[in-house]
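Data first, discussion second: the structure below is written as structure tokens.
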Amino acid sequence: MAEAAVKEKPATAAEAERELTDGFNLIIDALKLNGLTTIYGVPGIPITDFGRMAQAEGIRVISFRHEQNAGNAAAIAGFLTKKPGVCLTVSAPGFLNGLTALANATTNCFPMILISGSSEREIVDLQQGDYEEMDQLAIAKPLCKAAFRVLHAADIGIGLARAIRAAVSGRPGGVYLDLPGKLFSQVMDAAAGAKSLVKVIDPAPAQIPAPAAVKRALDVLKSAKRPLIILGKGAAYAQADDAIRALVEKSGIPFLPMSMAKGLLPDTHSQCAGAARSTVLKDADVVMLIGARLNWLLSHGKGKTWGDAPKKFIQIDIEPREMDSNIEISAPLVGDIGSCVSALLEGIDGKWPAPPADWTGAVTAKRNDNIAKMAPRLMNNNSPMDYHGALGALRSVIKERPDAILVNEGANTLDLARGIIDMYQPRKRLDVGTWGVMGIGMGFAIAAAIETGKPVLAVEGDSAFGFSGMEVETICRYNLPVCVVVFNNDGIYRGTDVNPTGGPDVAPTVFVKGARYDKMMEAFGGVGVNATTPDELKRAVDAAMDSGKPTLINAVLDPAAGSESGRIGNLNPQSKLKKK
Ligand SMILES: Cc1ncc(C[n+]2csc(CCOP(=O)(O)OP(=O)(O)O)c2C)c(N)n1
Ligand SMILES: [Mg+2]
């Protein structure tokens, strides 16, 4: 008996370990099992060793300088791949730093999972003052699509499965996963641990639209005299590029891409109404929204922007509650975009009537007119540069390199670049999205380079850049093919404001004059360039894109060139009182 018992014991400590697993390993195994092989994060207690072990096990662990940037990276990785991007943070402050990105991802319908380590539950719940004490789950809940906590190693598999499904199914969004420090070192039997893992099958099941809803949509579309299709970033996310293109081309209807849907069909496509936006919104009689919401970006579907003529809306969205959010939707089409567009295509045969030629002709004429008016301004080689001269140069860069990814934030820098830089391929334009949030720049640029391997051009206002600028070190550390262009106009909107009191503080919108952002990149071994003309700018960007070396170009802009809040100055509340 005694002998047999001795024999059953493992001979060595190593063998004993092999039969056990723990939280660290189970989380890594669960991520890998589900194809989540990149983590964006910042190390610290209680997740430092987890990051090390994940790297050792073949997961790509990209370390950032601030969690918000890691979170933004995870979010845009989710948008680009349709798999949830993973962001890893420490407890309380690290978690809160990541939370803005999680909330922004949810608002923009990007799938991501914020995984944060957390402190001892028993101490947190009794509020006894633990290291980085915070009830993170409760705080995350209202700011994301779903929030879960795993307390037992045996539940890691199911916990991650729930997080993945919540992030990508239906309308995608941000999910919070709370992992208390104790969980990581919890030990369990290895075989039972392996069995507890869950591979999520069909994480975002197709949602087929009802045939009656498809017929209703086709009937409304057929009745149109002045139809318009609006493509939103939901349409870009769907990766139903061929079907969407076929629908637009077979129907012959002019289309208007929202910012991140630019390139789904080329902006130079004969049906693109991008340069005739105000005309088509005002004059269309039937508008089909594909993965675009009637939020502030589309003036809520009513008011001056939309003109007086009565309009009917067809809306394709996976979220039923999106319908009638702002105005009546005549033909709601609920389902995933790929399935909805394919169903519509079946009803658009050779007998489908082309839209009236007076409508398509008017749209084309307006578009060509606006493009022709803009053209000379884009050719100027002024120094200091204005927005049009600088963006004219960058427009040529993207035309020559249509597979490069453009990241864009700022006010004037954003609004003017959106209008001027044509996009040619889907999901190549990444920007501030629904909230118009500053700070996505370097996080988006890093993840775009990592996830796609394509060159990235980040066009950044000098204010916008400041929100994530320290990540140029991250760009250099991982030697990423990212070229950052800082539109340096010495401030927010303009660098010309003055302090009306005559006191020593500068105006709140003004920065250090003549700052050299290029030196920041040089500090970490990247290439820095100071560009003062559009020609210099073009040459420097081309060199950066050819070499793939981390580059930052300080583009010297006229401080007076911009306008208040770019294109959305009308949203600023005005004091009705006279100045004292
Ligand atoms: C997180 C966040 N904070 C503040 C703002 C307000 N805001 C909008 S645009 C902007 C910066 C605009 O300046 P810049 O990036 O230099 O662009 P410019 O208009 O000068 O080209 C700021 C601070 C915001 N949108 N998001
Ligand atoms: Mg600026």
Side-chain angles (χ1 to χ4, degrees), residues 66-69 71-72 75-76 96-108 143 259 295-297 382 384-394 406-421 430-445 457-472 484-497 506-518 520 530-531 534 537 552-573:
H66 190 288
E67 291 87 352
Q68 186 172 310
N69 306 320
N72 284 325
I76 210 66
L96 286 173
N97 284 346
L99 201 54
T100 307
L102 187 70
N104 188 57
T106 307
T107 297
N108 283 282
L143 296 170
S259 197
N295 56 22
W296 72 279
L297 287 157
N382 296 344
M385 294 183 266
D386 58 28
Y387 286 93
H388 287 82
L391 288 167
L394 300 182
L406 178 71
V407 172
N408 189 202
E409 61 176 337
N412 293 280
T413 305
L414 175 91
D415 291 341
L416 292 167
R418 185 196 302 118
I420 291 171
I421 302 181
L430 310 174
D431 68 26
V432 300
T434 312
W435 269 349
V437 67
M438 297 298 111
I440 49 87
M442 297 306 103
F444 277 17
L457 174 64
V459 180
E460 301 272 312
D462 50 344
S463 165
F465 173 69
F467 287 75
S468 66
M470 191 62 209
E471 303 296 346
V472 294
V484 183
V485 176
V486 175
F487 272 24
N488 186 356
N489 64 347
D490 297 344
I492 297 174
Y493 316 139
R494 270 188 307 261
T496 50
D497 274 15
V506 297
T509 51
V510 165
F511 296 152
V512 166
K513 301 224 178 293
R516 291 288 301 273
Y517 292 96
D518 48 315
M520 285 177 70
N530 189 52
L537 175 60
L552 193 153
I553 302 162
N554 183 58
V556 182
L557 259 75
D558 178 356
S563 52
E564 178 80 10
S565 303
R567 287 270 166 88
I568 53 172
N570 59 310
L571 299 180
N572 283 308

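In what follows, residues are counted from 1 in the order of the sequence shown. In listed order, ligands and their atoms are each counted from 1.
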Atom name in Asp462, limited to N/O/S, at shortest distance from the Mg ion (ligand 2): OD1
Tell me which protein heavy atom sits closest to atom 25 (N) of ligand 1, plus the residue, atom name and distance to 0.1 Å. Gly436 O, 2.8 Å
Heavy-atom nearest neighbour in the protein, as seen from atom 17 (O) of ligand 1, with distance rounded to 0.1 Å: Ala411 N, 3.2 Å
For atom 22 (C) of ligand 1, the closest protein heavy atom turns out to be Met438 CG, 3.8 Å
Do me a favour and list the nearest non-hydrogen protein atom to atom 14 (P) of ligand 1 with residue, atom name and distance? Ser463 CB, 3.6 Å
Classify the angle between the aromatic ring planes of Phe487 and Tyr387 as parallel (below 30°), tilted (30 to 60°) or perpendicular (above 60°). tilted
Nearest protein heavy-atom contact for atom 16 (O) of ligand 1: which residue, which atom, what distance? Asp462 OD1, 2.6 Å
For the 3.5 Å polar cut-off, considering only N or O atoms, please tell me whether Ala464 and ligand 1 meet it. yes
Do Asn530 and Asn554 pair up side chain to side chain, a donor and an acceptor below 3.5 Å, judged on atom types alone? yes
Atoms of ligand 1 close to Thr413 [distance to a heavy atom under 4.0 angstrom, numbered from 1]: 17 (O), 18 (P), 21 (O)
Side-chain H-bond candidate by donor/acceptor type, Ser565 with Asn572, under 3.5 Å: yes
Determine whether the side chain, the backbone, both or neither of Trp435 has a heavy atom under 4.0 Å from any heavy atom of ligand 1. neither
Within-cut-off N or O pair, Tyr387 and ligand 1, under 3.5 Å: yes
